[in-house]
Amino acid sequence: MAKDDEKKIFLTEDEMPRQWYNINPDLPRPLDPPLNPQNGKPLTPEDLSILFPMELIKQEMSMERFIDIPEELLKIYRIWRPSPLVRAKELEDFLGTPARIYYKNESVSPPGSHKPNTAVAQAYYNKMEGVKELTTETGAGQWGSALSFACSLLDMKLTVYMVRCSYDQKPYRKLMMKIWGAECIASPSGTTESGRAILKDDPDCSGSLGMAISEAVEVAAKSGGKIKYSLGSVLNHVLMHQTIVGLETKKQLEKAGVEPDILIGCVGGGSNFAGFAFPFVPDKMAGRDIRIIAVEPIACPTLTKGPFAYDYGDTAKMAPIAKMYTLGHDFVPKPIHAGGLRYHGMAPQVSLLVNEKIIEAVALPQNPVFKAAVDFANTEGIIPAPETAHAIKTVVDEALKCKETGEEKVIVFNFSGHGHFDLGAYDAYMSGKLEDYEYPDEKIKESLKNLPKF
Ligand SMILES: *Cc1c(COP(=O)(O)O)cnc(C)c1O
C-alpha cells in the first residue's frame, strides 16, 4: 500500500510533541493590549492573579515560541494522545471528489472532544500552585465535562455554571460532570450576585456564556485566592495548549508524505481551530500556498458580521476587555444546538489573523450543516458534534469545488468532537424541526452601542 493510501496515520507515544507552540511572537503585528475592565488601563499580571495561577498568566503573556510540556502532563496526555489522523476515503468516494480529505480525530479523548488538552494543563498548573478548587462555565457541557475529567484525574474540586438552555437540553453532560465528581449549577443562578441581578429582570432567562462566565468569575474573585477560575477557550494559554493537535497533525502529514492545501476548523471562542491551524501559520506567512478557513454558524456570526473592536469578555463586565471580533458582550444567542459556538467574542489571535486576511471566515446555516454531519456518519461512521459538523460542511463544499475543477487538493480538518450527547439536535434535524435562524443585523447594531467607552 502506498504511504498516502493508509486509512489512519498514527504517531507513537515517543513521537508526541513535547512542547506547545505560542503564536504571539509570529503574529504579523503585535496584539492590542488587553485592558482592565474596571479602569480601562492595560491589564497587568496582578489583575489576572485573582483568577489564574502565575504559570498560566506567564504563558498568557509569553513571547517564547515554544513552551515545554511538563513530564507529568505528557503522562496524562498519553491516556488518549497522540490522536489519529484519518483519511476520509469513504467520504471522498461518496462525494466523487478528486480531493484528498483527512481529519484529525480529537473525539477519542474520554470526554469526547479536544477540550481536555487544555483542561488537564490548567488543572495541573493550579494544583502545582496549591489551588484545590476551580470554577468555570460551560455552554453545551463539553468544557464542563472536560474540566470535570481533569479535576477528577488531579483530585481537585470543581463547580460548573452551565447555560440554562443546555442544562435543560443536555442532561447527560450534566451526569458526566457528576460522575467525575463536579457540581453543576444552571446559569443564571441564585447563587451569585450577577446571577440574581439577571433573574430579577428576567426570571425565565435561557442564559448565555457571557452570563455563566460572570457567575464563575464572581465566585473565584470573592474567594480570596482559595478558588481559581478556568476558561475553556479564547485566552492565549488555552489556544497554546491546543497546539498539540496541529503539531501532531503536521508530523502525521509528513509521515503520509502529503502537504495540505486547505485547513478547516469550526470556531466558537477559537481554541480547537487555533490549536489545529496555528502551527501552519508561519508556513503560510513564509509564502506557502495554503488556505486556512474558520467556520461559524450564521446564528452567531462573530467573524463575518461583528466589528473588530475592544469589548468585554462577559456580560457583567468583570472579565478583561480584549480587541477582537465581537457581537457585543450583551449578545444573547437563540438556543441553536451548536452550543459550543455561541460565544459573543473570538480569541484575539484568531481575530487579528482574520483581520490581516491570513485566515478566512465563513458562516453557515445549521440545516445544511446537519445534512453534512449525517453524510459523514453514513460514510466515515462517526456521529460528529454539531460544532464539528460546521467544519465538515465546509470540507464538503471545498471537495465539491475540486470535483468541478478536477483539482486534487489535500483538505485537512479538525474533528473537534463526537455528537453522542447531542442526539436531541439530530432528532430536531431529522424530524424537520430545526430552524435556520440568522442573527439580525439590527440586533448586532444594538449590542454594539454598549461597547466599552475607554
Ligand atoms: C467547545 C467546542 C467547540 C468550540 O470551541 P472552540 O474553543 O472554538 O474550539 C467546537 N467543537 C467541539 C466539539 C466543542 O466541544
Side-chain angles (χ1 to χ4, degrees), residues 83 103-119 122 136-149 160 162-163 166 170 172-173 176-177 209 212-213 230-246 264-278 293-297 299-300 302-303 313 324-325 333 336-351 353-354 359 361 363-364 366 369 373 376 382-394 413-422 425:
S83 70
Y103 61 94
K104 178 66 168 163
N105 189 0
E106 289 298 306
S107 78
V108 299
S109 77
S113 77
H114 65 286
K115 290 198 169 80
N117 297 327
T118 185
Q122 293 190 45
T136 196
E137 74 293 325
T138 193
Q142 300 259 32
W143 170 243
S145 51
L147 194 61
S148 302
F149 162 72
V160 182
M162 185 169 185
V163 176
S166 298
K170 307 199 168 174
Y172 292 121
R173 284 271 165 205
M176 287 173 88
M177 294 180 224
L209 269 180
I213 293 174
S230 180
L231 187 65
S233 189
V234 184
L235 297 175
N236 188 47
H237 66 264
V238 180
L239 310 192
M240 197 187 80
H241 299 154
Q242 293 295 353
T243 58
I244 191 157
V245 176
I264 296 171
C266 62
V267 284
S271 75
N272 90 82
F273 170 79
F276 169 69
F278 278 6
I293 310 174
V295 193
E296 61 186 12
C300 185
T302 315
L303 289 173
M324 58 186 176
Y325 283 96
I336 58 157
H337 287 283
L341 306 181
R342 295 155 34 104
Y343 184 59
H344 68 273
M346 184 59 63
Q349 284 82 356
V350 173
S351 295
L353 289 166
V354 168
I359 291 170
L364 299 175
Q366 59 179 350
V369 162
F376 189 89
I382 313 175
I383 299 170
E387 294 88 351
T388 311
H390 286 74
I392 296 173
K393 170 62 179 154
T394 303
F413 74 99
N414 194 15
F415 193 94
S416 56
H418 67 61
H420 298 178
F421 302 97
D422 305 292

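Numbering of ligands and ligand atoms starts at 1, following listing order.
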Check: Ser83 main-chain N/O paired with Lys104 side-chain donor or acceptor under 3.5 Å: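 At least one qualifying donor-acceptor pair exists.
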Gln142 side-chain N/O to Lys115 backbone N/O, donor-acceptor pair under 3.5 Å: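 Checked: no pair found.
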For [X] and [Y], which I'm curious about, is there any donor-acceptor pair between the side chains at under 3.5 Å?
X      : Y      : answer
Gln122 : Ser230 : yes
Asn236 : Gln349 : yes
Glu106 : Asn117 : yes
His418 : Ser107 : no

Does an N or O anywhere in [X] fall below 3.5 Å from an N or O of ligand 1?
X      : result
Gly270 : yes
Phe273 : no
Ala385 : no
Thr388 : no

In terms of atom number and element, which parts of ligand 1 are under 4.0 angstrom from non-hydrogen atoms of [X]?
X      : result
Gly417 : 13 (C)
Ser233 : 6 (P), 7 (O)
Cys266 : 10 (C), 11 (N)
Val267 : 8 (O)
Ser416 : 10 (C), 11 (N), 12 (C), 13 (C)

Mutual orientation of the aromatic rings belonging to Phe415 and Tyr103 [parallel < 30°, tilted 30-60°, perpendicular > 60°]: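 Phe415 vs Tyr103 ring planes: tilted.
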Parallel, tilted or perpendicular, as decided by the 30° and 60° cut-offs, for the rings of Tyr172 and Phe421: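 Phe421 vs Tyr172 ring planes: tilted.
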Nearest option to atom 2 (C) of ligand 1, as decided by whichever heavy atom of Lys115, Glu387, Gln142 sits closest: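 Among Lys115, Glu387, Gln142, the closest heavy atom to atom 2 (C) of ligand 1 comes from Lys115.
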Within-shell test, Gln242 vs ligand 1, heavy atom, strictly < 4.0 Å: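 In this structure, Gln242 fails to qualify as a contact of ligand 1 - no heavy atom is under 4.0 Å.
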